[in-house]
> 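Before I ask anything, here is the structure I am working with.
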Amino acid sequence: QVQLVESGGGLVQPGGSLRLSCAASGSISSIYAMNWYRQAPDKRRELVASITSTGIPNYTDSAKGRFTISSDNAKTTVDLQMNSLKPEDTAVYYCNVQTSFGFFYWGQGTQVTVSS
């Protein structure tokens with residue numbers, strides 16, 4: 001199993017920045033990909049960004065050019081640097097990992113609120 005703990009959420013003004021961090025523990029050697037999802041009120045949970053075990057990042061259109069995902073080589077942390085934040089980025093952000101065995105694990109989520 002893999003345990004995930006997120007941190008770094010909060011309240012920020014439009015145009016501001018936040019950095020989310022996720023610490024992984026447990027069977028981290030089995031991690032195949034590390035992802036950030038978000039869920040806004042009354043909306044489905046959606047993928048924001050992902051990074052493979054070889055360090056290749058992928059972003060959804062809403063995140064491209066504004067967000068950067070990164071992880072350490074040991075796959076113990078995955079961060080999401082978010083710049084130029086917009087009110088529509090307001091959501092609970094979840095860290096997620098996929099293992100080579102096909103299992104998915106989730107963190108507890110961290111609230112990001114973009115408001116003036």
Side-chain angles (χ1 to χ4, degrees):
Q1 289 196 351
V2 178
Q3 294 78 43
L4 302 170
V5 178
E6 300 108 332
S7 61
L11 173 65
V12 64
Q13 292 187 343
S17 299
L18 278 176
R19 188 177 184 89
L20 306 182
S21 293
C22 175
S25 59
S27 301
I28 58 174
S29 62
S30 67
I31 292 175
Y32 173 76
M34 306 181 83
N35 314 298
W36 282 98
Y37 283 75
R38 68 185 182 187
Q39 187 167 17
D42 299 323
K43 291 190 176 180
R44 287 189 167 189
R45 192 171 297 189
E46 62 175 0
L47 179 66
V48 176
S50 63
I51 188 165
T52 67
S53 58
T54 56
I56 300 173
N58 283 286
Y59 302 94
T60 58
D61 288 343
S62 62
K64 283 179 183 176
R66 299 188 300 128
F67 295 0
T68 303
I69 189 170
S70 61
S71 67
D72 64 339
N73 290 333
K75 294 179 289 186
T76 60
T77 62
V78 57
D79 294 345
L80 185 68
Q81 176 66 42
M82 304 186 294
N83 300 325
S84 303
L85 283 162
K86 305 174 182 180
E88 51 263 43
D89 294 318
T90 295
V92 178
Y93 284 70
Y94 295 91
C95 178
N96 163 277
V97 300
Q98 179 183 3
T99 72
S100 55
F101 301 109
F103 294 109
F104 291 86
Y105 296 94
W106 295 90
Q108 81 284 358
T110 185
Q111 177 70 47
V112 171
T113 302
V114 185
S115 175
S116 56

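What you see below is based on every heavy atom in this structure, not just the backbone, and it leaves out hydrogens, waters and symmetry mates.
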> Find the distance between CZ (R44) and CZ (R38) and round it off to the nearest 0.5 Å.
16.0 Å
> Given side chains that start at C-beta, do those of E88 and V114 come closer than 4.5 Å, heavy atoms only?
no
> Not counting sequence neighbours, list each pair that qualifies as a disulfide (SG to SG under 2.5 Å) and has a residue in residues 9-111.
C22-C95
> To the nearest 0.5 angstrom, please state how far the OG1 atom of T60 sits from the CD atom of E46.
6.0 Å
> Rounded to the nearest 0.5 Å, how far apart are CG of N96 and CG of L4?
7.5 Å
> Do F104 and V78 belong together in a cluster built from hydrophobic side chains that touch within less than 4.5 Å?
no
> Quick one: are I69 and M34 in side-chain contact, heavy atoms under 4.5 Å?
no
> I'd like to know if M82 and V12 are part of one continuous hydrophobic network [Ile/Leu/Val/Met/Phe/Trp/Tyr, side-chain heavy atoms within less than 4.5 Å].
yes
> Centroid-to-centroid, W36 to F67, below 6.0 Å?
no
> Atom CD of Q81 and atom CG of L20: how far apart are they, to the nearest 0.5 Å?
8.5 Å
> If you define the side chain from C-beta out and look only at heavy atoms, does anything of R19 sit under 4.5 Å from S70?
yes
> Please check: side-chain N/O of T110 versus main-chain N/O of G9, any donor-acceptor pairing under 3.5 Å?
yes
> Is there a chain of hydrophobic side chains (I, L, V, M, F, W, Y, each step under 4.5 Å between heavy atoms) that links I28 to Y105?
yes
> Could you check whether any side-chain heavy atom of V2 comes within less than 4.5 Å of a side-chain heavy atom of F103, counting everything from C-beta outward?
no
> Linking I/L/V/M/F/W/Y whenever their side-chain heavy atoms sit closer than 4.5 Å, directly or via other members, would Y59 and V48 fall into one cluster?
yes
> Please name the pair of heavy atoms, one in S27 and one in S30, separated by the smallest distance, quoted to 0.1 Å.
O-OG, 2.7 Å
> Just verifying a value: how many Å separate L80 CG and I51 CD1, rounded to the nearest 0.5 Å?
10.5 Å
> For the CG atom of L18 and the CG atom of L85, what is their distance to the nearest 0.5 Å?
5.5 Å
> Quick check with a 6.0 Å cut-off and a 45 degree axis cone: is R45 positioned over the face of Y94's six-membered ring?
yes
> Provide the closest heavy-atom pair for D79 versus S21 in the form atom of the first, atom of the second, distance.
OD1-OG, 3.0 Å
> Within the distance-only criterion (no hydrogens, no angle test), does the side chain of Q98 pair as donor or acceptor with the backbone N or O of A33 below 3.5 angstrom?
no
> Tell me if the CD atom of Q1 is crowded by more than 12 foreign heavy atoms within 6.0 Å.
no
> Do the side chains of P14 and P87 get nearer than 4.5 Å, heavy atoms only?
yes
> Do K64 and D61 meet the salt-bridge criterion of a basic N to acidic O distance under 4.0 Å?
yes
> Please determine whether the number of non-hydrogen atoms from other residues, nucleotides or ligands lying under 6.0 Å from atom OH of Y32 exceeds 12.
no
